[in-house]
Amino acid sequence: MLLVNTLREERERVLTGLKKRKLDAAAEIERIVRLDDRRKELQSRNDELLAERNQLSKEIGDLFKSGKKDEATAKRERVNAIKQDVSGLEEEMDTVVRELEEALLQLPNVPHEKVRAGSSAEDNEVYRPYEGTLPKVGSDAKPHWELAETYGIFDLELGVRTTGSGFPVFTGQGARLQRALVNLFLDRNTAAGYTEYAPPLLVNEDTARATGQLPDKEGQMYHVQTDDLYLIPTAEVPLTNLYRGELLEADSLPIRLTGYTPCFRREAGSYGAHVRGLNRVHQFDKVEIVQLAKPTESYAKLEEMVDHVAGLLDELGLPYRILRLCGGDMGFTSAMTYDFEVWSAAQERWLEVSSVSNFETYQSNRLKLRYRTERGTELVHTLNGSALALPRIIAALLENNQSPEGILLPEVLHGYVGMQRLQPVVA
RNA sequence: GGAGGAUUGGCGGAGUGGUUGAACGUGCCUGAUUCGAAAUCAGGUGUACCUUCACGGGUACCGGGGGUUCGAAUCCCUCAUCCUCCGCCA
């Protein structure tokens, strides 16, 4: 959530920034500033009345002690009148504040200066292209959903039986591969200074609101109505919220967190070839990294995270490119986002496997997550990224590394999986 | 699921209606003492919002919300969390 003061003091930057999202917010910002003016006015008036009440109450106490009942009674009437006014003012203030909050909640984050304007994925900028030549796997190459049958990696039909479509059941060496990847990623992340957490998979409404899933993405989360809890769409939500409401010391920053969790997404909509197999599912595994950083350092940390994720993909030997998303394709809460896409040789398309973002103070404002500076307190910057999301990594590994000898695993996985290649389970 | 107890500042812990943002201790900061340090002594030490060019002033906050009262950390209602005991359970 943007700060009203930002809207006041950096109006032009906000407006030009939001235009990159194809959003003209001039009128809305004007309205918000006016609401905030009204809020201040009401609070000033209310504070004055309360000050008078406090003063009179003191006097009443003294008058009673010295037995001047009549004077006390007169002042008591004045206080009662003040209370009337106060309750009226507070009611109006509640209305104004609620309206203000709702309006602010509707405004997305301001894209960073370097972010391109654009309305869709078409306009994204290739930030770091793939340098090598893309692997060719021949015309008889199979997509991963066919390989999954041959090699017993996962079974979508079983998922339908237990749950419904979009809930893959990983089987045998597929389940093993999955676990191996989780372990590899967590090991690499903790080695890079990220502290490992295993957070809850269900979160309450305050938590979902603080990182921006509510109200913007309400329909994308599974909601457990009986207990009013949400299944997490990403570990970002519980991990970042671990620090909600904290006032940190400057020397504790940056804070680096990592965690493995299943992620749940309703993703109502598109069907067809693009969502076959593991390309888009309702439940998937992901290892996430999160950083809390000083504003002056956050973009350096963003680059650090990008390099870290790139290192993981290098180790896996997967061809990938890095995009810097345009304004229109970025998430609501992000100021700058890099997407990582791996090449899926049999499908001959790029698959998104990681998204690394700087949210600046957009989340920390909702989180009330600050740190102490020489001058006072300041909101920290929050960042996060996938390191990595598993299904499409598995898809790419299967497709790119298929061979007559089986699925050749990258060396880094040999120890983790306990084999050098996956063998067919059916002829 | 049932019964009881608790929730106060960085920490410990007072405080059952009035001048208490909160005793006392401890931690931390500054100064004095010291060659330096320890010890000791003195002073300071929360957050948010409103207001002010500034100095400063004001309001709110003692788990959350609501109420009683001229006045609430203190009384009432409600919710949450934690602890203890019982039940159930991976």
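The shown structure was predicted, so the numbers you read here are calculated from the model rather than taken from an experiment. We name chains A, B, ... by the order of the sequence lines, and we start the count at 1 in each one.
- As rounded to the nearest Å, B:rA37 and B:rU33 have P atoms that lie 12 Å from one another.
- Nucleic acid contact for A:K40: sugar-phosphate only, since backbone atoms but no base atoms lie under 4.0 Å from a heavy atom of the residue.
- Regarding A:E205, its CD atom lies at a distance of 15 Å from the C1' atom of B:rC79, rounded to whole Å.
- A side-chain donor from one of A:Q291 and A:Y194 sits under 3.5 Å from a side-chain acceptor of the other.
- Rounded to a whole Å, the CG atom of A:N204 is 12 Å from the C1' atom of B:rU81.
- Nucleotides B:rG21 and B:rG10 place their C1' atoms 16 Å apart, quoted to the nearest Å.
- Across all non-hydrogen atoms, the minimal contact from A:L379 to A:P295 is O-CG, 3.7 Å.
- Taking the centre of each ring, A:H112 and A:Y299 come in below the 6.0 Å mark.
- Contact between the side-chain N/O atoms of A:R39 and the OP1/OP2 oxygens of B:rC50 is found at a separation under 4.0 Å.
- Between A:E249 atom CD and B:rC28 atom P there is a gap of 13 Å when expressed in whole angstrom units.
- At the heavy-atom level, A:L50 lies under 4.0 Å from the strands shown only through sugar-phosphate atoms.
- Distance check on atom C1': B:rG13 versus B:rG18 gives 24 Å, rounded to whole Å.
- Counting to the nearest Å, the P atom of B:rU45 and the CD atom of A:E374 are 20 Å from each other.
- At a threshold of 4.0 angstrom between heavy atoms, the contacts of A:D62 include nucleobase atoms, whether or not backbone atoms are also involved.
- One interatomic measurement links the two molecules: CE of A:M93 to P of B:rA60, which rounds to 11 Å at whole-angstrom precision.
- The residues A:D36 and A:R8 are annotated as salt-bridged, a charged nitrogen and a carboxylate oxygen being separated by less than 4.0 angstrom.
- Between A:R372 and B:rU47 there is a side-chain N or O to OP1 or OP2 distance below 4.0 Å.
- Counting all heavy atoms, side chain and backbone alike, A:E288 lies closest to A:S386 at OE1-CA, 3.6 Å.
- A:R370 and A:E246 are not joined by a salt bridge, as no carboxylate oxygen comes within less than 4.0 angstrom of a charged side-chain nitrogen.
- Of the possible donor and acceptor atoms, one in the side chain of A:S44 sits under 3.5 Å from a partner among the backbone N and O of A:K40.
- When rounded to the nearest whole Å, the span between CG of A:L247 and P of B:rG9 equals 14 Å.
- Nucleotides B:rU26 and B:rU20, compared at atom P, are 23 Å apart to the nearest Å.
- Comparing B:rG46, B:rA60, B:rG18 by their nearest atom to the side chain of A:S57 picks out B:rG18.
- Between A:E99 and A:R31 there is a salt bridge, since a side-chain N of the basic residue sits under 4.0 Å from a carboxylate O of the acidic one.
- Phosphate contact (OP1/OP2 of B:rA60, side-chain N/O of A:R53, threshold under 4.0 Å): present.
- The gap from the P atom of B:rA48 to that of B:rC86 amounts to 46 Å, rounded to the nearest Å.
- B:rA72 and B:rG87: their C1' atoms are spaced 40 Å apart (whole Å).
- Side-chain nitrogen and oxygen atoms of A:N54 include at least one within less than 4.0 Å of the OP1 or OP2 phosphate oxygen of B:rA60.
- In this structure, A:K69 atom NZ and B:rC70 atom P are separated by 14 Å, rounded to whole Å.
- Of the two residues near RNA chain B, A:L56 and A:E41, the one whose nearest nucleotide lies more 5' is A:E41.
- For A:Q43 and A:V79, each mapped to the nucleotide of RNA chain B holding its nearest heavy atom, the one lying further toward the 5' end belongs to A:Q43.
- Checking B:rA48, B:rU19, B:rU51 against every side-chain atom of A:R370, the shortest atom distance belongs to B:rA48.
- Comparing atom distances between the A:D47 side chain and each of B:rG58, B:rU47, B:rG71 picks out B:rG58 as nearest.
- Here the side chain of A:T377 is nearest to one of B:rC50, B:rA60, B:rA48, namely B:rA48.
- In this structure, of B:rC49, B:rU69, B:rG58, it is B:rU69 that holds the atom nearest to the side chain of A:K83.
- Spacing between B:rU51 and B:rG43 at atom C1', rounded to whole Å, works out to 29 Å.
- Spacing between atom CD of A:Q55 and atom C1' of B:rG71 amounts to 12 Å, rounded to whole angstrom units.
- Taking the six-membered ring for Trp and thresholds of 30 and 60 degrees, A:F167 and A:Y222 have ring planes inclined between 30 and 60 degrees apart.
- When the P atom is used for both B:rA73 and B:rG9, the distance is 14 Å, rounded to whole Å.
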Pairing of RNA chain B as dot-bracket, 5' to 3': ( ) intra-strand, [ ] crossing, | other strand, . unpaired, with Watson-Crick or G-U pairs under 3.5 Å? ((((((((.[[[..)..(.....]]]((((((.......))))))((((((....)))))).[[[[[..)....]]]]])))))))....

